[in-house]
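The block underneath contains the structure these notes are about, expressed in structure tokens.
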Amino acid sequence: MTILFTLTGALFTAASLLAVYRIVRGPSILDRMIASDVLLTTLILVVGAEMVLNGHTRTIPMMLVLASTAIFATVAVARYVSKQDLSTKDDR
Amino acid sequence: MTERDTFAAARANFVQQLPLLIALVVLWMLLWGAVSWLNLITGFLLALLVTRVFYLPPVELSGRFNPIWFAAFLVRFVGELVFASFQVAFQAFDPRGVRSNAVIAVQLHTRSDFIMTLTAIALSLIPGSLVVEADRERSILYLHALNVGDSAGVDQVRSKVLAVENRLVRALGSSDDVRRTRP
Amino acid sequence: MTSDLLLDLAAVVSLLLGAFLSLAAGVGLVRFPDALSRLHAATKPQVLGLIFVVAAIALEARSWSTLLALTPVLLFQVLTAPISAHMVGRAGYRTGNFRKELMLVDELEDAVDRATRESERTAGDADSDSDSGR
């Protein structure tokens with residue numbers, strides 16, 4: 001059981017660290033947005049994995065709220081980026 | 001006369017929105033995690049309110065539904081989802097990395113917005129393909145495909161897209177569309 | 001007793017597969033060369049990862065009501081993932097956030113070129129018309 005804890009923990013931690021690396025390094029705002037999306041989905045998965053490992057179902061509403069609101073930030077940024085591009089297209 | 005016309009139009013509108021209403025009520029029950037009369041009534045009232053306040057243009061359904069082809073679509077879809085997910089996952093670990101991508105235009109056979117939207121959603125969920133742009137008037141989908149090496153790969157993506165469309169049309173499309181998609 | 005053990009084992013395997021897909025998304029995010037490729041690696045395998053984790057929760061809890069409570073989570077993710085992927089993909093394509101040398105064919109660019117040439121031609125015609133009219 002301890003091995004399982006460590007293994008899933010290590011996999012999820014590695015995934016989050018890689019996403020954070022891309023958020024810090026990302027050349028464009030879209031790269032950062034994609035990476036923060038991955039980070040958020042990893043968070044949802046971690047909340048779910050914790051339920052499996054500790055054998056309870058109390059944090060399902062948390063997963064639900066995260067899954068349903070994750071889209072807003074992405075859509076807002078993507079729209080903003082497309083609009084900004086259209087207005088500056090003539091300058092380049 | 002005009003009063004009866006508006007009444008008939010309102011009823012047609014209500015019938016057209018019924019699938020959406022039922023879906024919203026079911027979602028409401030799932031969110032509460034219980035099936036009860038109170039949930040049913042409050043869910044129905046809330047669904048009416050939501051569809052009035054956030055009005056969406058009614059979806060034009062074809063009225064045809066073939067459960068066997070729909071099941072075939074679902075099975076193939078889940079299979080491709082699992083297969084392609086692992087393919088992309090192993091791609092990430094592949095030491096050679098990504099060699100080349102492609103943006104591919106696919107001319108669909110259907111003339112229905114509904115089928116086109118479902119095809120685009122299904123393709124967006126299958127890893128390795130991504131809808132970048134859609135030409136609704138000419139029903140062309142522009143897909144970004146990951147790791148397409150040569151023109152054979154382009155053809156492969158194109159036939160995959162048309163196969164997904166074909167299954168969807170056979171499951172849900174109008175008989176007109178079925179005739180059009182048949183090769 | 002043995003079926004309990006089997007279900008536990010299935011839950012553990014699902015959980016590990018979900019974690020593996022999550023890690024693959026992270027690795028793809030770092031290793032893939034441009035924003036559009038990263039989008040492929042990032043969003044979609046994690047949908048399957050979520051399916052695996054939800055399956056693991058349901059197998060561990062062994063109750064239908066838990067599975068029903070988890071359905072909206074999957075539903076929201078499956079419905080919203082294509083929207084966000086399309087929005088980011090379109091923004092990424094329009095801002096030129098991809099490497100030209102990695103693009104084998106770009107049939108959208110050809111179509112856009114054709115459309116702009118045509119609109120320029122009709123615009124030119126309209127201009128000459130208005131000139132002659134004046």
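Note on naming: letters A, B, ... go to the chains in the order of the sequence lines (proteins, then strands), and numbering restarts at 1 for each one. These values consider heavy atoms only, across backbone and side chains, with no hydrogens, waters or symmetry-generated copies.
- Within the model, atoms CE of A:Met63 and CG of C:Leu70 stand 6.0 Å from one another, a figure rounded to the nearest 0.5 Å.
- Note: A:Thr41 leads A:Val65, A:Ile44, A:Thr41 in heavy-atom pairs under 4.5 Å with chain C.
- Contact count against chain C (heavy-atom pairs under 4.5 Å) is highest for A:Ile71 among A:Asp37, A:Leu66, A:Ile71, A:Val46.
- Using a 4.5 Å cut-off between heavy atoms, A:Leu45 touches chain C through backbone and side chain atoms alike.
- Across A:Ile34 and C:Ala42, no two heavy atoms sit closer than the pair CG2-CB, 3.4 Å.
- In this structure, chain C has a heavy atom under 4.5 Å from the side chain of A:Leu53, while its backbone stays farther away.
- The residue from A:Val38, A:Asp31, A:Leu30 that alone fulfils the side-chain contact (heavy atoms from CB on, under 4.5 Å) condition with C:Arg38 is A:Asp31.
- Ranked by heavy-atom pairs under 4.5 Å with chain A, the first of C:Leu15, C:Val12, C:Leu29, C:Leu39 is C:Leu29.
- Among A:Val75, A:Leu39, A:Ile60, the residue with the largest count of heavy-atom pairs under 4.5 Å with chain C is A:Ile60.
- The minimum heavy-atom distance between A:Ala15 and C:Ser22, with the atom names listed, is CB-O, 3.5 Å.
- Ranked by heavy-atom pairs shorter than 4.5 Å toward chain A, the options C:Val54, C:Leu79, C:Leu74, C:Val30 are led by C:Val30.
- Environment of CZ in C:Arg62: crowded, with over 12 heavy atoms of neighbouring residues, nucleotides or ligands closer than 6.0 Å.
- With a 4.5 Å cut-off on non-hydrogen atoms, A:Leu64 touches chain C through its backbone and its side chain both.
- Looking at A:Met33, there are no atoms closer than 4.5 Å to chain C (heavy atoms on both sides), in backbone or side chain.
- For the residue pair A:Ala49 and C:Val53, the shortest heavy atom distance occurs at N-CG1, 3.9 Å.
- Distance check, rounded to the nearest 0.5 Å: CE of A:Met51 to CD1 of C:Ile57 gives 4.0 Å.
- Closest heavy-atom contact between C:Ala91 and A:Ala78: CB-O, 3.7 Å.
- Closest of all the heavy-atom pairs between C:Phe76 and A:Ser68 is CD1-CB, 3.6 Å.
- When each of A:Val20, A:Thr8, A:Thr42, A:Thr57 is checked for heavy-atom pairs under 4.5 Å with chain C, A:Thr42 comes out on top.
- The structure places CD of C:Glu60 at 10.0 Å from CG of A:Asn54, a figure rounded to the nearest 0.5 Å.
- The part of C:Ala61 that comes within reach of chain A is its side chain, from C-beta onward, which places non-hydrogen atoms under 4.5 angstrom from that chain.
- Only the side chain of A:Pro27 comes within contact range of chain C, with heavy atoms under 4.5 Å apart.
- Of the two parts of C:Val47, neither the backbone nor the side chain holds a non-hydrogen atom closer than 4.5 Å to a non-hydrogen atom of chain A.
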